[in-house]
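Just the heavy atoms: all of them, side chains too, but no hydrogens, waters or symmetry mates, feed the values below. Sequence positions, counted from 1, serve as the residue numbers for this chain.
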Amino acid sequence: QVQLVESGGGLVQAGGSLRLSCAASGLPVANYSMGWFRQTPGKERELAAGITRGGGSTYYADSVKGRFTISKDNAKNTVTLQMNDLRSEDTALYYCEASNERWVYANSARYDYWGQGTQVTVSS
């Protein structure tokens with residue numbers, strides 16, 4: 001059974017940092033492209049950052065470039081999103097998603113598995 005479990009969310013002041021972690025079981029992250037999506041009420045899920053199956057390429061939404069860093073640890077079977085210089089507009093429910101595709105896609109429908117999400121709230 002595949003499980004993706006996100007952790008690390010919380011309440012932080014603007015300008016602060018958080019480190020989100022996604023622990024995978026039943027699925028080797030080394031064989032999947034992984035994405036961190038985020039969603040706020042009434043809006044579509046948005047890809048914040050992604051990393052390809054091989055780990056050689058990353059993608060970042062323009063709004064998070066230079067502030068967020070995605071990485072995979074194949075040995076620990078985890079995916080991490082380091083978020084720095086957080087802004088109020090980063091407030092969202094963050095989801096870890098896994099895709100059997102070779103590349104990173106911005107459409108959440110291209111992903112096969114996802115977790116329950118972890119809430120990030122940035123106070124201004």
Side-chain angles (χ1 to χ4, degrees):
Q1 182 181 357
V2 173
Q3 274 195 316
L4 298 175
V5 179
E6 303 95 338
S7 62
L11 175 64
V12 64
Q13 287 190 332
S17 298
L18 283 175
R19 187 178 180 89
L20 304 185
S21 182
C22 172
S25 58
L27 174 159
V29 298
N31 293 351
Y32 284 77
S33 292
M34 303 296 296
W36 280 99
F37 284 77
R38 61 187 186 181
Q39 189 170 25
T40 55
K43 292 190 176 181
E44 289 190 359
R45 200 170 288 194
E46 168 197 38
L47 178 64
I51 186 166
T52 54
R53 192 164 64 194
S57 296
T58 55
Y59 165 87
Y60 296 97
D62 287 342
S63 58
V64 309
K65 279 180 183 174
R67 301 187 298 119
F68 289 12
T69 303
I70 188 171
S71 59
K72 278 202 288 187
D73 187 327
N74 293 337
K76 294 182 179 179
N77 214 33
T78 58
V79 182
T80 299
L81 184 67
Q82 177 67 43
M83 305 188 297
N84 299 327
D85 188 24
L86 284 161
R87 305 167 183 171
S88 57
E89 53 263 39
D90 295 319
T91 295
L93 188 59
Y94 283 72
Y95 296 90
C96 173
E97 302 198 7
S99 168
N100 199 24
E101 305 270 7
R102 181 178 178 184
W103 306 110
V104 170
Y105 291 93
N107 187 348
S108 182
R110 301 293 292 263
Y111 291 73
D112 305 290
Y113 304 100
W114 51 92
Q116 294 297 310
T118 185
Q119 178 67 39
V120 171
T121 303
V122 183
S123 63
S124 55

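- Residue-environment remark: CD (Gln119) exceeds the threshold of 12 foreign heavy atoms within 6.0 Å.
- Using a distance-only test at 3.5 Å, with no hydrogens or angles considered, a donor-acceptor pair links the side chain of Asp112 to the main chain of Asn100.
- Residue Leu20 is grouped with residue Val12 when hydrophobic side chains (ILVMFWY) are merged at heavy-atom distances under 4.5 angstrom, including chains of intermediate members.
- Distance check, rounded to the nearest 0.5 Å: CD of Gln82 to CG of Leu18 gives 8.5 Å.
- Asn77 places a side-chain N or O within 3.5 Å of a backbone atom of Ala24 that can act as its donor or acceptor partner.
- Side chain of Thr118 to main chain of Glu6: no donor-acceptor pair is present (N/O by atom type, distance under 3.5 Å, no hydrogens or angles).
- Note that OG1 of Thr40 is 11.0 Å distant from CG of Asp90, once rounded to the nearest 0.5 Å.
- Residues Ile70 and Tyr60 are in side-chain contact: their nearest non-hydrogen atoms beyond the backbone lie under 4.5 Å apart.
- Between the CG atom of Leu86 and the CZ atom of Arg67 there is a distance of 6.5 Å, given to the nearest 0.5 Å.
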task = Evaluate side chain to side chain contact (heavy atoms under 4.5 Å, CB included) for Ser108 paired with Gln39, printing each intermediate quantity in order.
result = CA-CA 11 Å; Ser108 182; Gln39 189 170 25; over 6 Å; no
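- The distance from atom OG of Ser124 to atom CZ of Arg87, rounded to the nearest 0.5 Å, is 13.5 Å.
- One N or O on the side chain of Ser33 and one on the backbone of Arg102 form a donor-acceptor pair closer than 3.5 Å.
- Shown are Arg110, Arg45, Arg38; of these, the salt bridge (charged side-chain N to carboxylate O under 4.0 Å, His left out) with Glu97 is made only by Arg45.
- Looking at Thr52, its side chain does come within 3.5 Å of a backbone N or O of Ser57 through a donor-acceptor pair.
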task = Start with the C-alpha gap between Thr80 and Arg19, add the side-chain angles, then the distance that decides, and say whether side chain to side chain contact (heavy atoms under 4.5 Å, CB included) holds.
result = CA-CA 7 Å; Thr80 299; Arg19 187 178 180 89; 3.6 Å; yes
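- Remark: side-chain polar atoms of Lys72 are paired, donor with acceptor, to backbone N or O of Arg53 under 3.5 angstrom.
- Legend: ring pair (Phe, Tyr, Trp, His ring centres under 6.0 Å) pairs involving residues 12-42, not counting sequence neighbours, sorted by first then second residue: Phe37-Tyr111.
- A salt bridge links Lys65 with Asp62: at least one charged nitrogen is closer than 4.0 Å to a carboxylate oxygen.
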